Amino acid sequence: MTKVYAVRVHKPGGPEQLRYEPVELGEPGRGEVRVRHTVIGLNFTDIHFRTGRYPLSSLPHVIGMEAAGVIEAVGDSVTAFRVGDRVAYAAETPRAYAQATVMPVTRLIKLPDFIDDEAAAATLLKGLTAQYLIRSAYTIKQGETILVQAAAGGVGLIICQWARHLGVRVIGTASTPEKAALARANGCDHPIIYTREDVVARVRELTGGRGLPVVYDGVGGSTYETSLQCLKRRGLAVFYGSAGGVIPPFDLWRLNRMGSLYVTYAGLADYVYDHAEMDARAAELFSMMKSGVVKVPIHKRYPLADAAQAHADLESRRTSGASLLIP
Ligand SMILES: NC(=O)c1ccc[n+]([C@@H]2O[C@H](COP(=O)([O-])OP(=O)(O)OC[C@H]3O[C@@H](n4cnc5c(N)ncnc54)[C@H](OP(=O)(O)O)[C@@H]3O)[C@@H](O)[C@H]2O)c1
């Protein structure tokens with residue numbers, strides 16, 4: 001047994017439900033390793049696990065989906081990883097808000113020398129998400145125009161950077177002039193401050209009235225209607241999150257009336273369903289990081305013990321890009 005400090009949820013609720021406390025870690029079993037974390041990534045998904053929107057298998061439970069670190073123990077039948085390897089992960093189940101974790105190797109990625117631990121923890125989960133959204137859920141193409149909701153957010157900024165690199169014109173939404181400026185600096189050609197401007201009208205104006213082939217929407221409840229209205233005939237709405245609330249059930253017949261639209265609600269787990277697929281997506285992401293196309297600005301570093309403050313900041317939209325927890 002190894003004792004580490006971790007942040008656990010004891011019952012679903014607000015940031016005050018996060019407790020920094022000692023927990024016991026077992027030894028790694030078959031196919032598992034123990035990873036000593038150096039940096040932990042903060043994600044909006046962590047808030048969904050804290051509030052109970054996403055269920056935890058038991059309580060109390062450590063939350064957090066993303067971290068970088070070093071392997072310090074290896075279980076039976078693990079051949080691809082060794083003690084001392086620098087690794088990062090976008091986990092299947094919550095575990096990252098801790099000084100160390102014991103986990104299966106299925107979601108583990110070896111880090112190349114050119115990616116430091118902070119860049120890995122800030123980028124892996126959000127970057128794999130951006131990768132599958134723009135390369136698989138809908139493959140964006142040079143010359144197209146797309147809309148990214150919450151363009152200054154964690155996933156949003158990476159989509160802007162990568163899309164610009166591919167010769168795609170990006171329209172993005174943000175709540176404040178500061179976030180709009182950050183989105184612009186990261187590849188968003190036309191930031192729309194949605195608190196002041198009519199997003200649908202502006203998108204129609206920017207597309208000569210036609211609308212868009214695709215919209216990426218991780219905000220959900222407060223934006224899905226706008227996203228649908230920005231599409232052109234037979235356009236696709238790619239929903240992938242609910243930072244702004246849950247999308248209510250709606251009548252599919254509306255998709256017909258709005259121009260035979262398509263809709264998907266995508267999840268990372270279905271796009272990295274085996275190690276080969278995850279390695280391929282991570283390799284493409286890392287090559288974008290190496291060439292400087294994808295570079296996530298670090299908004300703030302918090303001590304792991306201050307995870308509750310980090311959640312409060314992310315929830316109240318005070319953040320942009322990525323924030324990190326330091327164990
Ligand atoms: N399906 C997947 O594979 C996948 C993977 C990663 C993340 N996600 C999901 O994608 C969403 C975005 O994740 P992220 O980590 O990139 O977050 P984020 O964009 O860094 O933060 C959320 C942003 O959403 C906007 N927002 C709009 N309404 C909001 C509200 N009521 N409360 C808080 N924020 C609101 C804010 O931007 P403005 O201030 O500009 O409005 C805020 O900065 C989350 O729901 C997350 O769970 C899904």
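Atoms within each ligand, like the ligands themselves, are counted from 1 in listed order. All heavy atoms count here, side chains included; hydrogens, waters and symmetry mates do not. Note that the structure is a prediction, hence the values are computed from the model and not measured.
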Participant: What atoms of ligand 1 come within less than 4.0 Å of a heavy atom belonging to Gly244?
Facilitator: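 Those qualifying, in numeric order: 28 (N), 29 (C), 30 (C), 31 (N).
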
Participant: Could you pull out, from Ser242, Ala183, Ala90, Gly321, the option with a heavy atom nearest to atom 45 (O) of ligand 1?
Facilitator: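 It is Ser242 that holds the nearest heavy atom.
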
Participant: If we ignore angles and hydrogens, is there a donor and acceptor under 3.5 Å between the side chains of Ser242 and Arg53?
Facilitator: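 Distance-only check passes for Ser242 and Arg53.
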
Participant: Measure across Asp46 and Gly64 and return the closest heavy-atom pair with its distance rounded to 0.1 Å.
Facilitator: OD1-CA, 3.7 Å

Participant: Counting the benzene-type ring for Trp, do His61 and Tyr97 have ring centres under 6.0 Å apart?
Facilitator: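 No, the ring of His61 stays outside the 6.0 Å limit from the ring of Tyr97, centre to centre.
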
Participant: Taking His37 for its side chain and Ile326 for its backbone only, find out whether a donor-acceptor pair lies under 3.5 Å.
Facilitator: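 Not confirmed, His37 side chain does not pair with Ile326 backbone.
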
Participant: Is the closest N or O pair between Ser175 and ligand 1 shorter than 3.5 Å?
Facilitator: yes

Participant: Hey, which atoms in ligand 1 end up nearer than 4.0 Å to a heavy atom of Gly267?
Facilitator: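 Every atom of ligand 1 under 4.0 Å from some heavy atom of Gly267: 1 (N), 3 (O).
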
Participant: Got the closest protein heavy atom to atom 12 (C) of ligand 1, with its distance?
Facilitator: Gly218 O, 4.0 Å

Participant: Could you check whether any heavy atom of Thr223 sits closer than 4.0 Å to an atom of ligand 1, since that is the contact criterion I want to use?
Facilitator: no

Participant: Report the nearest protein non-hydrogen atom to atom 35 (C) of ligand 1: residue, atom name, distance rounded to 0.1 Å.
Facilitator: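 So the nearest neighbour among protein heavy atoms is Arg317 NE, 3.6 Å.
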
Participant: Quick one: which ligand 1 atoms are inside 4.0 Å of a heavy atom on Gly153?
Facilitator: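 With Gly153 as reference, the close atoms of ligand 1 come out as 18 (P), 19 (O), 20 (O).
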
Participant: Is there a heavy atom in Tyr132 that sits closer than 4.0 Å to ligand 1?
Facilitator: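 Yes; Tyr132 lies near enough to ligand 1 that a heavy-atom distance drops under 4.0 Å.
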
Participant: Just which atoms of ligand 1 are under 4.0 Å from any heavy atom in His48?
Facilitator: 44 (C), 45 (O), 47 (O)

Participant: Closest approach of Ala183 and Leu157, non-hydrogen atoms and distance?
Facilitator: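 Smallest interatomic distance, heavy atoms only, reads CA-CD2, 4.0 Å.
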
Participant: Take Thr319 and Lys300, measure what side chain to side chain contact (heavy atoms under 4.5 Å, CB included) needs, and give me the verdict at the end.
Facilitator: CA-CA 8 Å; Thr319 70; Lys300 195 166 169 181; over 6 Å; no

Participant: Does only the side chain of Val155 get under 4.0 Å from ligand 1, or the backbone, or both, or neither? Count heavy atoms.
Facilitator: both

Participant: Given that the side chain starts at C-beta and the backbone is N, CA, C, O, which of these parts of Thr129 lies under 4.0 Å from ligand 1, counting heavy atoms, or is it both or neither?
Facilitator: side chain

Participant: Can you check whether Ser175's main-chain N or O pairs, donor with acceptor, with Thr195's side chain at less than 3.5 Å?
Facilitator: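 Indeed, once roles are kept as given, a pair shorter than 3.5 Å links the two residues.
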
Participant: Distance-only, no hydrogens or angles: does the Thr173 side chain make a donor-acceptor pair with backbone N or O of Ala150 under 3.5 Å?
Facilitator: yes

Participant: Heavy atoms only: give me the nearest Leu236-Thr264 pair and the separation to one decimal.
Facilitator: CD1-N, 4.0 Å

Participant: Considering the heavy atoms of Ala266, write down every atom of ligand 1 situated less than 4.0 Å from one of them.
Facilitator: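 Those atoms are 1 (N), 2 (C).
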
Participant: Please could you name the atoms of ligand 1 that Tyr194 approaches to less than 4.0 Å, counting only its heavy atoms?
Facilitator: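 By the 4.0 Å cutoff, the relevant atoms are 38 (P), 41 (O).
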
Participant: So which atom in Pro15 and which in Glu315 form the shortest heavy-atom distance, rounded to 0.1 Å?
Facilitator: CG-OE1, 3.8 Å

Participant: What do you reckon, are the aromatic ring centroids of Tyr20 and Tyr5 less than 6.0 Å apart?
Facilitator: yes

Participant: What is the closest protein heavy atom to atom 42 (C) of ligand 1, and at what distance does it sit?
Facilitator: Lys179 NZ, 4.1 Å

Participant: Is there a side-chain contact between Ile109 and Asp279, using heavy atoms and a 4.5 Å cut-off?
Facilitator: yes

Participant: Which residue and atom name correspond to the protein heavy atom nearest atom 27 (C) of ligand 1, and how close is it?
Facilitator: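 Minimum-distance protein heavy atom for atom 27 (C) of ligand 1 reads Val219 CG1, 3.5 Å.
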
Participant: Does Arg318 pair with Asp313 as a salt bridge, N-O distance under 4.0 Å?
Facilitator: yes

Participant: Between Phe239, Tyr240, Tyr54, Tyr216, which one has a non-hydrogen atom sitting closest to atom 4 (C) of ligand 1?
Facilitator: Tyr240

Participant: Can you report which non-hydrogen protein atom sits closest to atom 23 (C) of ligand 1, along with the distance?
Facilitator: Ala150 CB, 4.0 Å

Participant: Quick one: look up the protein heavy atom nearest atom 7 (C) of ligand 1 and list residue, atom name and how far away it is.
Facilitator: Thr45 OG1, 3.7 Å

Participant: Run the contact test for Ala152 against ligand 1 with a 4.0 Å cut-off on heavy atoms, strictly below, and give the result.
Facilitator: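 Contact check Ala152 vs ligand 1: negative.
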
Participant: Within ligand 1, which atoms have a heavy atom of Leu125 less than 4.0 Å away?
Facilitator: 6 (C)

Participant: Between Lys126 and ligand 1, is there a nitrogen or oxygen pair with a distance under 3.5 Å?
Facilitator: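 No, since none of the N or O atoms of Lys126 sits under 3.5 Å from an N or O of ligand 1.
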
Participant: So, do Ile71 and Arg82 sit near enough that their side-chain heavy atoms are less than 4.5 Å apart?
Facilitator: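 Not touching, per the 4.5 Å side-chain cut-off.
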
Participant: Please determine, by modelled atom types, if His10 and Glu21 share a side-chain donor-acceptor pair under 3.5 angstrom.
Facilitator: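 The criterion, which ignores hydrogens and geometry beyond distance, is satisfied for Glu21 and His10.
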
Participant: Looking at Glu284 and Arg281, is any side-chain nitrogen of the basic one under 4.0 Å from a carboxylate oxygen of the acidic one?
Facilitator: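 Salt bridge absent between Arg281 and Glu284.
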
Participant: Please work out which of Arg318, Glu315, Arg53, Gln149 has its closest non-hydrogen atom nearest to atom 33 (C) of ligand 1.
Facilitator: Glu315

Participant: To the nearest 0.1 Å, how far is atom 17 (O) of ligand 1 from its closest protein heavy atom, and which atom is that?
Facilitator: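 So the nearest neighbour among protein heavy atoms is Phe44 CB, 3.5 Å.
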
Participant: Counting only nitrogen or oxygen atoms and a 3.5 angstrom limit, does Ala243 reach ligand 1?
Facilitator: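 By distance alone, the answer is yes.
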
Participant: Which of the atoms in ligand 1, numbered in the order shown and given with their element, are less than 4.0 Å from a heavy-atom of Leu268?
Facilitator: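 Near Leu268, meaning under 4.0 Å from one of its heavy atoms, ligand 1 has 2 (C), 3 (O).
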
Participant: For atom 18 (P) of ligand 1, what is the closest protein heavy atom, and at what distance to 0.1 Å?
Facilitator: Gly154 N, 3.6 Å

